[in-house]
Participant: 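This is the structure I have questions about; it appears just below.
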Amino acid sequence: MRLHAITASLALLALSACTGTKTLADPTVVVRSAGGTELGVATEYGVIFLGATRPAGSIELESWFGDGPNIEPTVAEPVEGDLYVAETEIRLATVPMTFVEPAPGDVVVVRGRGVQGPWQVETLVRSVPGIEGILIDLLPELSGQGQDQTGAGVFLRDGAESMRLLGMVSGQVEVLEGEGAGTYAAVVGPRDLWRVVVHRKDQGRRRPWVYREDTM
């Protein structure tokens, strides 16, 4: 895990039902670039990722449908605040975004994907005096997956069957002393991700979806 240490303020996002010609089993997307791999999340504003690999230009997005993986070539589009967004010509899941900050102690679901496949675990939102933003436990699932888990989605349950994307794991925070001493995973959310919403709305209308035989 190349979770990059940060001490700045952090935040959130949201998840909905999947649409299209296939059933998308997992909204997690693996982003492959010349700099390596990281995770992204498919949203209604495109696939959002954190740019941990410093992508430049052409990338590949690997998503999973009910019958297996799908790889789409595309271009990384930089957004202010070291965020990136990318579009695919086929339709992936849409993920509505929420900007309601969680309270300490709220249960969240963290989802990622390693070389052995997807993983999911529940944990709690943590609060540490003097540190702003969203923190969760540094889960063992965030390492030892065979590929970088930066960008793993953090979700709030929205009823029995659906979840809302709260944010994306962005880095590691170590508190050396005092109340709350320990190591945590930081989560980027609305305090930064709202930039993607503004950026995408400025781009005009989305191109029509392409329906190909390999995605039917």
Side-chain angles (χ1 to χ4, degrees), residues 1-6 13 15 18 20-95 110-121 139 141-155 165 167-172 185-188 192-193 195-196 199-200 203 206-207 209-215:
M1 178 183 64
R2 297 196 307 275
L3 293 178
H4 306 280
I6 63 172
L13 258 185
L15 171 76
C18 306
T21 56
K22 286 182 164 184
T23 300
L24 186 66
D26 188 350
T28 303
V29 175
V30 173
V31 180
R32 304 185 187 280
S33 71
T37 65
E38 62 183 288
L39 300 182
V41 178
T43 79
E44 59 190 331
Y45 297 99
V47 175
I48 301 174
F49 54 106
L50 302 177
T53 60
R54 294 295 181 258
S58 298
I59 61 172
E60 289 184 339
L61 301 179
E62 185 174 8
S63 56
W64 284 263
F65 294 90
D67 58 355
N70 178 75
I71 297 177
E72 292 290 314
T74 186
V75 175
E77 190 175 328
V79 179
E80 184 182 358
D82 293 328
L83 295 169
Y84 288 79
V85 66
E87 286 192 358
T88 56
E89 64 176 18
I90 65 169
R91 190 167 191 170
L92 302 182
T94 59
V95 182
V110 185
R111 302 180 71 173
R113 179 175 285 269
V115 296
Q116 300 300 318
W119 58 267
Q120 173 176 311
V121 65
L139 304 166
E141 288 81 3
L142 290 170
S143 61
Q145 295 292 332
Q147 66 184 20
D148 196 351
Q149 297 300 291
T150 299
V154 181
F155 302 88
L165 180 60
M168 302 169 71
V169 174
S170 63
Q172 181 175 313
V187 180
V188 162
D192 294 293
L193 294 176
R195 302 176 192 278
V196 176
H199 179 81
R200 297 309 301 165
Q203 303 307 304
R206 184 192 296 271
R207 296 191 305 273
W209 299 113
V210 172
Y211 294 92
R212 303 192 311 256
E213 289 186 3
D214 66 324
T215 63

Participant: I'd like to check the side chain to side chain donor-acceptor pair (under 3.5 Å) partners of Arg54; sequence neighbours left out, ordered by chain and number.
Facilitator: none
Participant: To the closest 0.5 Å, what do you measure between OG (Ser33) and OH (Tyr84)?
Facilitator: 9.0 Å
Participant: Could you tell me whether the side chain of Leu39 reaches within less than 4.5 Å of the side chain of Thr150, counting heavy atoms only?
Facilitator: no
Participant: Could you measure the distance from the OG atom of Ser170 to the CG atom of Asp192? Nearest 0.5 Å is fine.
Facilitator: 8.5 Å
Participant: Which atom names give the shortest non-hydrogen contact between Pro69 and Glu62, and what distance separates them?
Facilitator: CB-OE2, 3.7 Å
Participant: Locate the shortest heavy-atom distance separating Ala152 from Gly112; write the atom from each residue and the value.
Facilitator: CB-CA, 4.3 Å
Participant: Report yes if the side chains of Ile59 and Phe49 come closer than 4.5 Å at any heavy-atom pair, otherwise no.
Facilitator: yes
Participant: side-chain contact (heavy atoms from CB on, under 4.5 Å) with Glu141: which residues, sequence neighbours excluded?
Facilitator: Trp119, Val121, Leu139, Gln145
Participant: To the nearest 0.5 Å, how far apart are CD in Glu89 and CD in Glu72?
Facilitator: 5.5 Å
Participant: Are side-chain N/O atoms of Glu38 and Thr53 paired as donor and acceptor at under 3.5 Å?
Facilitator: yes
Participant: Please name the pair of heavy atoms, one in Met168 and one in Ile48, separated by the smallest distance, quoted to 0.1 Å.
Facilitator: CE-O, 3.2 Å
Participant: Is any side-chain heavy atom of Val41 closer than 4.5 Å to one of Thr28?
Facilitator: no
Participant: Output the distance between atom CD (Glu87) and atom OH (Tyr45), rounded to the nearest 0.5 Å.
Facilitator: 12.5 Å
Participant: Can you tell me how far apart CD (Gln147) and OG1 (Thr37) are? Round to the nearest 0.5 Å.
Facilitator: 4.5 Å
Participant: Can you name the closest pair of heavy atoms from Ser63 and Val29 and give their distance?
Facilitator: CB-CG2, 4.3 Å
Participant: To the nearest 0.5 Å, what is the distance between CD on Glu60 and OG1 on Thr88?
Facilitator: 13.0 Å
Participant: Without swapping roles, check the side chain of Glu77 against the backbone of Val75 for a donor-acceptor pair under 3.5 Å.
Facilitator: no
Participant: Is the shortest side-chain heavy-atom distance between Val110 and Gln120 below 4.5 Å?
Facilitator: no
Participant: Looking at residues at least two apart in the chain, or sitting in another chain, which of them share a side-chain contact (heavy atoms from CB on, under 4.5 Å) with Pro118?
Facilitator: Asp26, Arg113
Participant: Check whether any side-chain heavy atom of Val47 sits under 4.5 Å from a side-chain heavy atom of Leu61, and report yes or no.
Facilitator: yes
Participant: Please name the pair of heavy atoms, one in Gly40 and one in Val31, separated by the smallest distance, quoted to 0.1 Å.
Facilitator: N-CG2, 4.1 Å
